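Note sheet for the following structure.
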Amino acid sequence: MTPFTEKVISIIRDIPEGRVMTYGQIASLAGNHRAARQVARILHSMSKKQRLPWYRVVNANGQIVIKDDTAYNEQILNLQIEGVKVDHNGTVDLEKYRLQL
DNA sequence: CCATTGACTCGGA
DNA sequence: GTCCGAGCCAATG
């Protein structure tokens with residue numbers, strides 16, 4: 001692991017309910033604003049081994065972009081449970097739910 | 001160890 | 001609004 005990875009994980013764990021963050025935002029906080037992809041990758045691999053609210057992470061457009069359909073639906077479901085509205089495109093209102101720092 | 005991949009992002013046309 | 005190209009770098013094989 002790298003400090004970057006751990007930082008990303010801790011940041012994600014701190015995302016409160018009903019809020020979301022973008023990959024780029026997290027990457028930036030973790031030290032590399034260009035490591036958005038790694039953030040995504042970390043989620044992909046870590047979510048299998050740890051409990052992370054990975055579903056609170058969306059891309060820069062507030063849209064859920066994920067290949068695995070099962071996880072995709074799961075993400076939307078979890079967000080809705082927390083009160084985040086997701087439209088039929090799998091997009092959330094960033095202006096409203098994005099966690100500002 | 002080297003090569004490929006990818007839940008991304010940004011800027012330009 | 002769209003499409004394209006390039007950057008970035010950890011994880012995987």
Side-chain angles (χ1 to χ4, degrees):
Chain A
M1 282 314 177
T2 67
F4 174 76
T5 301
E6 294 178 44
K7 189 131 188 177
V8 169
I9 292 175
S10 71
I11 290 172
I12 293 174
R13 285 187 64 231
D14 287 339
I15 301 177
E17 285 189 8
R19 290 329 240 346
V20 299
M21 279 188 96
T22 69
Y23 296 100
Q25 221 182 337
I26 294 169
S28 185
L29 292 174
N32 308 302
H33 91 285
R34 304 166 194 198
R37 306 183 91 155
Q38 276 57 262
V39 174
R41 194 165 231 300
I42 290 168
L43 259 52
H44 183 74
S45 55
M46 298 314 272
S47 60
K48 298 176 181 175
K49 305 170 184 174
Q50 299 187 33
R51 268 204 197 181
L52 288 178
W54 56 268
Y55 50 81
R56 293 182 185 146
V57 184
V58 295
N59 71 8
N61 292 306
Q63 186 166 65
I64 296 172
V65 178
I66 185 173
K67 291 186 174 179
D68 185 31
D69 295 320
T70 304
Y72 174 82
N73 291 313
E74 201 177 306
Q75 175 162 20
I76 292 179
L77 180 62
N78 278 297
L79 287 175
Q80 293 180 327
I81 289 175
E82 296 187 352
V84 177
K85 294 184 179 179
V86 183
D87 70 15
H88 61 289
N89 288 312
T91 306
V92 303
D93 187 343
L94 277 183
E95 293 296 308
K96 205 171 181 183
Y97 304 110
R98 187 175 135 196
L99 180 59
Q100 304 281 20
L101 304 171

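Just so you know, these numbers come straight off a predicted model, no measurement behind them. Convention: sequence-line order gives letters A, B, ...; per-chain numbering from 1.
In this structure, A:Glu82 and A:Glu17 approach most closely via the heavy-atom pair OE1-CA, 3.6 Å. Here the closest non-hydrogen pair linking A:Ala71 and A:Ile66 is CB-CD1, 3.3 Å. Shortest non-hydrogen contact noted between A:Tyr55 and A:Leu79 is O-CD2, 3.3 Å. Of all heavy-atom pairs spanning A:Ala35 and A:Ala27, the tightest one is C-CB, 3.6 Å. Residues A:Leu29 and A:Lys7 share a closest heavy-atom pair of O-CE, 3.6 Å.
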Margin query: Between A:Ile42 and A:Leu52, is the side chain to side chain contact (heavy atoms under 4.5 Å, CB included) condition met? List the steps.
Written below: CA-CA 11 Å; A:Ile42 290 168; A:Leu52 288 178; 5.7 Å; no
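Contact footprint of chain A on DNA chain C: nucleotides with an atom under 4.0 Å from a non-hydrogen protein atom, first to last in 5' to 3' order, C:dG7 to C:dT12.
Between A:Val20 and the options A:Ile15, A:Val86, A:Val92, a side-chain contact (heavy atoms from CB on, under 4.5 Å) holds for only A:Val92.
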Notebook entry, point to check: Going 5' to 3' along nucleotides 5-13 of chain B, which nucleotides have protein heavy atoms under 4.0 Å from the base (write B), which only from the sugar-phosphate (write S), and which from neither (write -)?
Noted result: BBBBS----
